[in-house]
Amino acid sequence: MPTGLPAPKLTVTVLGSGTSQGVPMIGCRCPVCLSTDPRDQRSRSSIYLAAPQANILVDTTPDMRQQALREGLDHLDAVLFTHPHADHIMGFDDLRRFCEIQGGPLSIYGSAETLAQLQRIFFYAFDPRKLVPGYVHVLPHTITAPFELGGIEITPLPVPHGAVSTLGFLFSRAGRKLLAYLSDCAAVPEPIRETISGVEVLIIDGLRDRAHPTHLTVSGAIEVAQAIHAGRAYLTHLTHEKTHVDRQRDLPPGIHVAYDGMKLVFDLQP
Ligand SMILES: [Zn+2]
Ligand SMILES: [Zn+2]
Ligand SMILES: [Zn+2]
């Protein structure tokens, strides 16, 4: 290292790794929901990327406020949305605190459909005539092609997930495919597999063992990870079907179970 300066890093934090109802589930007394292992406390699925020039949040779950407090988030440059299901957007109003700290509107990114749903539900945040200090205000950006934020290239990955259009995201830098995030998908079509082929880390929907109409199963997620030759893969959006420890025991080498608070650190070239 000629300069003696530490290499810039991209740190990815799994804010939440649970399915839409979270784990534990309200009113459930199963061994997973009663587990005292902190890795079995799964808030709704979301990640946070801290890059040298940009802090990026992916989705605003109903647990976003607690996730932000837990991880000490205090500045966001952009929020990316995967899709407008309730478990990915219902923390949206808590973006108000970031607007307040930063003294202005926050840029949000999503498909045209996702942004339209956000604007329908949180109409007050999109109206420039209602720019009241202390409340949420956003600048929407429609994702139609790859784009860049703070030196990180972001490639949208459209994947099937029932009736809504859903985006995964590939995060790259200087030709390195660092991370692919596919939180909610029933399948990963061939063109998307080519785009993310050889990615260093894949975080992918691994809902449960039993088939589901709009989510990958654990074996389906393993198939994708191995087919695209991911360096490592982490399952997310998990139900209360198995404990972290029991689930991990069954997985092949290179496939892991994500958990809330898990961090991945990538050394970047300056
Ligand atoms: Zn979801
Ligand atoms: Zn349970
Ligand atoms: Zn969903």
Side-chain angles (χ1 to χ4, degrees), residues 13-48 57-64 66-67 79-92 94 108-118 120-122 143 156-169 180-189 192 202-218 220-221 224 234-247 257-260 262:
T13 303
V14 173
L15 296 178
S17 59
T19 191
S20 54
Q21 301 208 60
V23 181
M25 261 194 343
I26 293 171
C28 186
R29 302 282 181 268
C30 80
V32 179
C33 289
L34 294 176
S35 165
T36 56
D37 185 337
R39 295 170 298 181
D40 291 321
Q41 309 278 314
R42 300 188 182 279
S43 61
R44 269 57 75 87
S45 291
S46 172
I47 59 171
Y48 169 71
L57 175 66
V58 181
D59 290 332
T60 57
T61 80
D63 302 311
M64 194 276 272
Q66 292 296 344
Q67 293 167 339
V79 184
L80 315 185
F81 285 94
T82 57
H83 66 302
H85 278 163
D87 56 321
H88 296 264
I89 65 167
M90 281 303 172
F92 182 96
D94 284 318
I108 66 169
Y109 296 76
S111 69
E113 182 191 342
T114 295
L115 293 177
Q117 290 291 354
L118 286 170
R120 185 179 62 80
I121 301 164
F122 304 102
I143 300 174
L157 307 170
V159 282
H161 176 51
V164 298
S165 84
T166 294
L167 295 181
F169 298 106
Y181 182 65
L182 295 169
S183 69
D184 293 59
C185 52
V188 180
I192 303 299
L202 171 68
I203 300 178
I204 186 165
D205 188 346
L207 185 78
R208 64 184 191 194
D209 289 323
R210 266 185 308 126
H212 187 281
T214 65
H215 289 274
L216 284 171
T217 58
V218 171
V224 174
Y234 294 87
L235 307 181
T236 194
H237 216 291
L238 297 148
T239 69
H240 64 154
E241 190 178 63
K242 279 191 183 177
T243 64
H244 181 95
V245 169
D246 286 345
R247 175 65 73 202
V257 186
Y259 56 90
D260 289 26
M262 189 186 91

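We number each residue from 1, following the sequence as shown. First listed ligand is number 1; within each ligand, the first listed atom is number 1.
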So, of the N/O/S atoms that His85 has, which is the nearest one to the Zn ion (ligand 3)?
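Answer by atom name: ND1.
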So which of the N, O or S atoms of Asp184 lies nearest the Zn ion (ligand 3)?
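For Asp184, the N/O/S atom sitting closest to the Zn ion (ligand 3) is OD2.
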Between Arg208 and His215, is the side chain to side chain donor-acceptor pair (under 3.5 Å) condition met? List the steps.
CA-CA 9 Å; Arg208 64 184 191 194; His215 289 274; over 6 Å; no
Indicate if the distance from the Zn ion (ligand 1) to the nearest N, O or S atom of His88 falls below 2.8 Å.
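So His88 counts as coordinating the Zn ion (ligand 1), yes.
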So, His215 and the Zn ion (ligand 1): N/O/S under 2.8 Å, yes or no?
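So His215 does not bind the Zn ion (ligand 1) by this criterion.
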Residue pair Asp260 / Ser17, side-chain donor-acceptor N/O under 3.5 Å:
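Looking only at side-chain atoms, Ser17 and Asp260 do form a donor-acceptor pair, the distance falling under 3.5 Å.
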Between Gln67 and Thr61, does any side-chain donor sit less than 3.5 Å from a side-chain acceptor?
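The answer is yes; a qualifying pair exists.
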With a 4.5 Å cut-off on side-chain heavy atoms, are Ile108 and Phe92 touching?
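When only atoms from C-beta onward are counted, Ile108 and Phe92 do touch, with a gap below 4.5 Å.
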For the pair His161 and His83, name the ring-plane relationship: parallel under 30°, tilted 30 to 60°, perpendicular over 60°.
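The rings of His161 and His83 stand perpendicular, inter-plane angle above 60°.
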Which angle, to 10 degrees, forms at the Zn ion (ligand 3) with NE2 of His83 on one side and NE2 of His161 on the other?
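NE2 of His83, the Zn ion (ligand 3) and NE2 of His161 span an angle of about 100°.
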Angle at the Zn ion (ligand 2): provide the value between SG of Cys30 and SG of Cys28, rounding to 10 degrees.
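Vertex the Zn ion (ligand 2), arms to SG of Cys30 and SG of Cys28: 110°.
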Name, closest N/O/S atom of His240 to the Zn ion (ligand 2)
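Going through the N, O and S atoms of His240 one by one, ND1 ends up nearest to the Zn ion (ligand 2).
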So, Asp63 and Arg42, do they make that salt bridge, N to O below 4.0 Å?
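No.
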So which N/O/S atom does Asp87 have closest to the Zn ion (ligand 1)?
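Result: OD2.
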